[in-house]
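All values reported here derive from a predicted model rather than from experimental measurement.
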Amino acid sequence: GAGIMAAIISLILPPIYKAETWILPPQQGNSSIATQMVGQLSGVAGLAGSVLGISTPTDLYVGLLKSRPVLDNMIDKFHLLEVYKVKHREQARNSLLGALKAQGDKKSGIMTIGVEDKDPMRASEMANAFVQELKNLTRGLAVTEAAQKRLFFEEQLKETKVSLIRAEDEIKGFQEKTGALKIDDQAKAVIEGIANLRAQIVAKEVQLKVMSTYTTPQNPDFQKVEDELKGLKAGVSGLETKVGSGHDPFMPTGRMPGVGTEYMRKLRNLKFNESIYELLTKQYEMAKLDEARDAALIQVIARAVPPERRFRPKRIQMVILATLTGFFFSIFSAFIMGYKEKTATDPAHREKIELFKRYLQFKR
């Protein structure tokens, strides 16, 4: 009876088809243009190889597929409110999530996107549309190491540009106020050297801060950068002491000594910001080249095609499982019925049952 009932139900259930597409998400590269050119620049150039990027496993893209923007676009594109016969978008999202079957292979990195639907053509179109929606979503997200580097240097460049403009305005106002316009060539060279050294000090400090997120102070590379930072600071200290104790080239005749000192500080701040801005600009351009090289984020291995055979219901399996379940249930029922029949005809057992009933009534 159970087998026959399962066969009838399997014939009544509508056929569901499953279409699948295989894609290859972007893989993290082992090297980049910025990393290869580290040795060609000083200061913050080493930062390109130290910026940490997250890996992009297939689990990330499975999560993006299930995000609300992707689901809503799919609902609008295929009119799923009418297809699923629901009134609210939340209900359509839940139905679509139930139809979406996305998973990734951690070993190969290949991701499978499947969609179950009553219409085989619509199932294949939805599977391919999910890939396109995933491309559109990731286009504006920093999911690769190159994109993260580009965003990092872009933010740093904006901040440095603001500081540079502020330093330019300060020295311009100071020149207009004091008339301190000419500088001795030797003093100018010393000031530029101090600015470059201070820029490298800041770069080394940032590099140490980044390295501390993934290594310990006992690491040889970490200690090497610390030694370089100490040397740079010692060089700046020596130059500043030498400049401070020597002849002041900024002092116009008859002006107060403090004017030259103030002008030197403002000029040094300007050169410092110019050096940082120049180095960050180079790194930003290299990061943009890396990102352009990784522009093909998602590669489609095989597009989804309309399936020829239904995915479910699996009628044979349903009938076999129902028959076996009914068989074991029948055996169990036969044992129970036989036990009841035997106990009903046994006077001793019936007397025990009556005694147990009286005990329960006494307890109440």
Side-chain angles (χ1 to χ4, degrees), residues 29-53 142 144-172 183 185 187-215 219 221-240 243 263-294:
N30 294 327
S31 62
S32 62
I33 297 175
T35 305
Q36 295 169 2
M37 298 182 67
V38 166
Q40 301 181 16
L41 295 172
S42 60
V44 295
L47 203 59
S50 303
V51 176
L52 298 178
T144 62
E145 181 182 357
Q148 292 175 55
K149 286 183 178 180
R150 192 262 304 168
L151 288 177
F152 173 80
F153 286 117
E154 185 175 354
E155 293 297 325
Q156 295 297 317
L157 197 58
K158 289 179 181 178
E159 296 177 2
T160 305
K161 187 175 181 179
V162 173
S163 300
L164 179 59
I165 294 175
R166 187 185 300 113
E168 291 173 345
D169 292 339
E170 288 179 357
I171 198 170
K172 179 182 177 181
I183 305 173
D185 293 339
K188 182 179 179 181
V190 171
I191 293 172
E192 291 178 349
I194 292 175
N196 289 329
L197 288 176
R198 288 179 63 85
Q200 295 183 36
I201 288 174
V202 172
K204 292 297 181 182
E205 290 175 346
V206 174
Q207 187 175 356
L208 281 175
K209 185 176 180 181
V210 174
M211 291 179 67
S212 64
T213 61
Y214 65 89
T215 186
N219 186 283
D221 295 335
F222 190 94
Q223 295 177 353
K224 180 181 178 182
V225 175
E226 280 188 328
D227 294 338
E228 293 174 356
L229 179 61
K230 292 179 181 178
L232 291 173
K233 288 183 177 180
V236 170
S237 177
L239 288 176
E240 290 180 337
V243 173
Y263 182 81
M264 180 188 67
R265 291 173 179 172
K266 293 185 180 297
L267 182 61
R268 183 172 57 194
N269 184 46
L270 176 64
K271 295 297 181 182
F272 161 72
N273 285 283
E274 286 179 347
S275 300
I276 290 291
Y277 187 80
E278 181 182 357
L279 291 173
L280 286 176
T281 300
K282 293 179 181 179
Q283 291 297 303
Y284 176 65
E285 293 299 327
M286 287 187 290
K288 287 174 63 178
L289 291 175
D290 287 338
E291 187 179 20
R293 186 181 62 177
D294 296 339

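- A heavy-atom distance below 4.5 Å is not found between the side chains of Q283 and Q156.
- The two residues N273 and T160 come nearest to each other via the heavy atoms O-CG2, 3.9 Å.
- Not counting sequence neighbours, E278 has no partner by the side-chain hydrogen bond (donor to acceptor under 3.5 Å, both in side chains) test.
- K158 has its side chain within reach of E155: a pair of non-hydrogen atoms, C-beta onward, lies under 4.5 Å apart.
- Between the CG atom in L164 and the NZ atom in K271 there is a gap of 10.5 Å [rounded to 0.5 Å].
- Rounding to the nearest 0.5 Å gives a distance of 12.0 Å between CD of E154 and CG of L280.
- Separating the CZ atom in R268 from the CG atom in N196 is a distance of 13.0 Å, to the nearest 0.5 Å.
- Listed by chain and residue number, nothing satisfies the side-chain hydrogen bond (donor to acceptor under 3.5 Å, both in side chains) test with E226 (two or more places apart in sequence, or in another chain).
- With values rounded to the nearest 0.5 angstrom, T281 atom OG1 is found 10.5 Å from I276 atom CD1.
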